[in-house]
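What follows is a short report on a single structure.
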Protein chains: 2
Amino acid sequence: MTYNQLKLDNQLCFRLYTAARLITSSYTPYFKKFNITYPQYLVLMLLWEKDNCIISEITERLHLETNTITPLLQRMEKQGLILRQKSEVDNRRRIVSLTSKGKRLEEQMKEIPNCLAREIVDNGMNVEELQNMIPLLDKFILTIKEK
Amino acid sequence: MTYNQLKLDNQLCFRLYTAARLITSSYTPYFKKFNITYPQYLVLMLLWEKDNCIISEITERLHLETNTITPLLQRMEKQGLILRQKSEVDNRRRIVSLTSKGKRLEEQMKEIPNCLAREIVDNGMNVEELQNMIPLLDKFILTIKEK
DNA sequence: TCATATACTATCGTATGCGATTAAATTCAA
DNA sequence: TTGAATTTAATCGCATACGATAGTATATGA
């Protein structure tokens with residue numbers, strides 16, 4: 001790295017920070033009618049794939065801590081999207097499951113990622129370029145997690 | 001896109017969201033002795049490049065709104081890093097400038113991005129791979145902003 | 001078995017982000 | 001020139017993030 005690392009334009013981190021915020025807020029209009037947020041959508045996606053998760057599965061999968069996930073799940077429970085039940089086997093654990101309302105959202109929201117991808121491609125980003133980002137980000141995330 | 005878009009592992013957005021949070025929190029230990037946060041660091045970088053900015057320059061450059069920037073700057077002023085002065089010429093505007101304390105931080109913090117980059121490279125990510133991400137993210141950000 | 005360690009989740013405090021609205025100063029147009 | 005439009009920034013409310021700590025249940029080992 002030979003350029004000046006202290007310039008905003010040279011910082012990878014600033015780009016990631018910006019890209020993440022902008023793409024997340026691009027989701028927001030699609031979520032509006034369902035009254036959910038992007039992190040809540042992540043939890044739903046996780047549960048649509050595998051229902052009845054315990055908190056630690058959710059925190060590991062989303063790379064978030066309980067101090068973020070617990071209140072988030074409490075809000076989702078209040079909205080009737082999920083249930084948070086104590087495990088019979090191990091009373092420390094809490095099992096998170098979809099309500100019928102939460103399950104129904106899968107069908108209703110399934111086109112959202114495609115809509116968004118189409119928007120982005122229509123605005124000039126190639127599918128290939130988008131797909132090139134995937135393995136780079138995966139390696140990046142893995143590298144940082146290993147620290 | 002032929003794969004199931006509703007799986008967490010298939011989502012570019014989730015990767016960006018995760019990568020941004022993880023790299024930001026990798027900065028945190030370096031910031032600790034200066035008692036600043038990552039968004040505050042962004043403001044400092046911007047002012048080190050060009051002092052005496054007005055609020056709208058900061059919001060445009062960082063792609064953030066005043067409802068984020070104003071309180072952030074108020075906290076930075078309280079810490080003695082910056083001044084927020086009304087413009088004489090146009091009383092709607094507020095000019096943000098570095099204090100001597102804020103200026104001194106540039107020298108003290110200049111090695112942080114290199115340290116972090118070194119950490120990442122030492123953990124297996126190539127410099128080339130990091131640099132490949134830059135133009136992809138730039139195009140991605142531009143594409144979303146144009147929507 | 002029973003004290004200690006570990007696992008699991010929740011809570012607290014503070015700093016962002018952001019949609020929505022408000023407030024104040026300047027510009028502009030009839 | 002003066003009232004409406006525009007520009008600029010601040011405020012409000014709510015939902016994350018996250019470091020630090022607390023609380024409770026299970027596991028473990030002497």
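Not measured: the values here are computed from a predicted model. Throughout, protein chains are lettered first and strands after them, A, B, ... in sequence-line order, and every chain is numbered starting at 1.
For the pair A/N123 (side chain) and A/E119 (backbone), a donor-acceptor distance under 3.5 Å is present.
For B/R61, the side chain to side chain donor-acceptor pair (under 3.5 Å) partners are A/D9, not counting sequence neighbours. For B/R15, the side chain to side chain donor-acceptor pair (under 3.5 Å) partners are A/D138, not counting sequence neighbours. Remark: B/K103 engages no residue in a salt bridge (Lys or Arg N to Asp or Glu O under 4.0 Å) (not counting sequence neighbours). With sequence neighbours left out, B/A19 forms a side chain to side chain contact (heavy atoms under 4.5 Å, CB included) with A/L16, A/L137, A/F140, A/I141. For A/T59, the side chain to side chain contact (heavy atoms under 4.5 Å, CB included) criterion is met by A/I55, A/S56, A/T66, A/I69, not counting sequence neighbours. With sequence neighbours excluded, the residues that form a side chain to side chain donor-acceptor pair (under 3.5 Å) with B/K50 are B/E57. With sequence neighbours left out, the side chain to side chain contact (heavy atoms under 4.5 Å, CB included) criterion links A/P135 to no other residue. Take A/D90 and apply the side chain to side chain donor-acceptor pair (under 3.5 Å) test, not counting sequence neighbours, and it matches A/R92.
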Checklist line | Contact pattern, 5' to 3', of nucleotides 3-9 of chain D - B, S or - by protein heavy atom under 4.0 Å | finding: ----BSS
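Under the side-chain hydrogen bond (donor to acceptor under 3.5 Å, both in side chains) criterion, the residue pairs touching residues 78-89 of chain B are B/E77-B/R84, with sequence neighbours excluded.
If you check every strand for non-hydrogen atoms under 4.0 Å, B/T68 touches a base.
Protein chain B contacts DNA chain C over a range whose 5' and 3' limits, counting nucleotides with an atom under 4.0 angstrom from a non-hydrogen atom, are C/dA15 to C/dT26.
A straight line from NZ of A/K78 to P of D/dC14 spans 11 Å, rounded to a whole angstrom. D/dT16 atom P lies 12 Å from atom CD of A/Q74, rounded to whole Å.
Each of A/Q79 and B/I69 was matched to the nucleotide of DNA chain D holding its nearest heavy atom; the match closer to the 5' end belongs to B/I69.
In this structure, A/T37 does not reach the D/dA15 phosphate: none of its side-chain N or O atoms is under 4.0 Å from OP1 or OP2.
Contacts with DNA chain C (heavy atom under 4.0 Å) in residues 15-24 of chain B: none are found.
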